[in-house]
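In this text the structure is predicted, and so the values were computed from the model without any measurement. In each ligand, atom 1 is the first atom listed, and ligand 1 is the first ligand listed.
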Amino acid sequence: MKKAPVLILGIETSCDETAAAVVAGGNRILSNLVSSQVELHARYGGVVPEIASRQHLSLLNPLIDEALQEAGKKLKDLQAIAVSHGPGLVGALLVGVAGAKALAYACRLPLVAVNHLEAHLYANHLGGEAIAYPAVNLIVSGGHSELLLVEKPGSITSLGRTRDDAAGEAFDKVARVLDLGYPGGPLIDKLARRGNPAAINFPRAWLKDQGGYDFSFSGLKTAVINHLHHARRRGENIKLPDVVASFQEALVEVLVEKTVAAAGAFKAETVLMSGGVAANSHLRRRMQQRMATALPAVPLRCPPPELCTDNAAMIAAAAYPRYLNGEYACLDLNAHPGLTLEFKV
Ligand code: KG4
Ligand code: ZN
């Protein structure tokens with residue numbers, strides 16, 4: 001008789017999205033619910049940690065019920081409870097961790113602690129298509145920009161990371177300066193479609209003399225601010241779509257060129273992209289085009305936009321190999337706001 005696939009409930013509360021999902025066999029999504037708090041935080045121009053925690057508290061339990069219902073499963077059908085325990089906002093993470101521990105204890109199920117960044121990487125496993133290794137994975141989110149070499153699942157080396165602002169942070173800060181609203185990434189993505197990406201030649205920080213694959217985006221952000229100051233002082237008409245399209249082009253070009261260079265240098269069999277900024281339509285298009293010309297034999301894999309941004313299906317996917325290895329967390333599991341990726345080579 002065929003064995004039933006392992007069912008894992010994933011829980012995600014690291015920032016401003018409350019999320020719960022049921023995933024079968026580490027890659028088949030049975031339900032994946034995200035309750036965004038964006039509207040609540042938008043009026044403050046960014047995430048207010050205290051508001052985020054309180055919202056997670058009221059949203060999490062009903063969302064878990066809904067995720068189970070949508071999956072057509074009951075708590076007794078599950079094999080494990082997985083939760084993101086860092087990095088993120090400590091108060092927000094604690095709500096998910098406490099909820100997951102309570103469920104694991106009450107249902108006598110193993111608890112699996114998941115690194116949120118590693119989960120962004122595992123978003124590429126959802127859907128079930130096999131990944132050829134070694135792979136180069138660009139993770140670009142609100143808090144991180146990381147270029148990783150994945151020799152095989154679980155064996156990760158960091159090739160480069162941001163030295164200042166993360167890519168998503170740069171999007172959000174530029175949108176704030178331009179009074180576009182929060183979160184800035186999707187708003188700039190949309191507005192840039194009407195602009196000319198070659199209108200303003202903003203600087204690209206290649207950091208070539210300093211060893212390759214690191215990123216830096218704070219200079220680009222300052223250049224956008226300076227451009228606006230000068231244009232206003234000279235009484236020039238500011239064409240917002242051109243400004244954001246040129247900013248986006250400068251940022252995307254650096255992400256694309258460094259990822260393609262790393263893929264070539266490390267003979268990657270696959271290039272993977274994930275994290276909230278990987279939902280950006282310009283980045284997706286430019287990466288596709290550049291890969292097609294530079295490395296036509298290497299497939300580019302990127303989850304659909306809704307699996308690039310924070311979700312709980314990726315938490316359950318990342319928990320799956322740990323569950324199979326018996327890597328369970330104890331009930332004294334804590335939140336780790338500054339958790340980094342664990343590199344196993
Ligand atoms: O991965 P994510 O949902 O949360 C973190 O782990 O940080 O990433 C959120 C970030 C935000 O900075 C948001 O502005 C950015 O991803 N983002 C985008 C787009 N959608 C979300 N940036 C550019 N274009 C988008 N379409
Ligand atoms: Zn994230």
Is the shortest heavy-atom distance from the side chain of F171 to the side chain of N280 under 4.5 Å?
yes
Taking atom OH of Y105 as the centre, does the number of heavy atoms from other residues, nucleotides or ligands within less than 6.0 Å exceed 12?
no
Around atom 20 (N) of ligand 1, find the nearest protein heavy atom and jot down its residue, atom name and distance.
G276 O, 3.5 Å
Provide the number and element of each atom of ligand 1 under 4.0 Å from a heavy atom of G168.
12 (O)
Would you mind running through ligand 1 and noting each atom that sits below 4.0 Å from a heavy atom of G143?
7 (O)
Describe, in one word, how the ring planes of F215 and F217 are oriented to each other, choosing from parallel (under 30°), tilted (30 to 60°) and perpendicular (over 60°).
parallel
Please determine whether H120 has a backbone or side-chain N, O or S atom lying under 2.8 Å from the Zn ion (ligand 2).
yes
Name of the D310 atom (N/O/S only) found closest to the Zn ion (ligand 2):
OD1
Nearest-neighbour protein heavy atom for atom 26 (N) of ligand 1, which is reported as residue plus atom name and distance:
D189 OD2, 2.9 Å
Please check whether E169 reaches ligand 1 - meaning an N/O of the residue sits under 3.5 Å from an N/O of the ligand, judged on distance alone.
no
With a cut-off of 4.0 Å, which atoms of ligand 1 are near a heavy atom of A279?
26 (N)
Using a cut-off of 6.0 Å, state whether more than 12 heavy atoms not belonging to Q69 lie near its atom CD.
no
Below 4.0 Å from any atom of ligand 1, is there a heavy atom belonging to H116?
yes
Evaluate whether atom CZ of R301 has more than 12 neighbouring non-hydrogen atoms of other residues, nucleotides or ligands under 6.0 angstrom away.
yes
Identity and separation of the nearest protein heavy atom to atom 22 (N) of ligand 1:
G185 CA, 3.2 Å
Given D172, D310, N280, identify the one with the heavy atom nearest to atom 2 (P) of ligand 1.
D310
Could you tell me if any non-hydrogen atom of H120 lies under 4.0 Å from any atom of ligand 1?
yes
2.8 Å cut-off met by an N, O or S atom of H116 to the Zn ion (ligand 2):
yes
Quick one: nearest non-hydrogen protein atom to atom 7 (O) of ligand 1, plus distance?
G142 N, 2.8 Å
Flag the pair E249 / R286 as yes when at least one side-chain heavy-atom distance between them is below 4.5 Å, and no otherwise.
yes
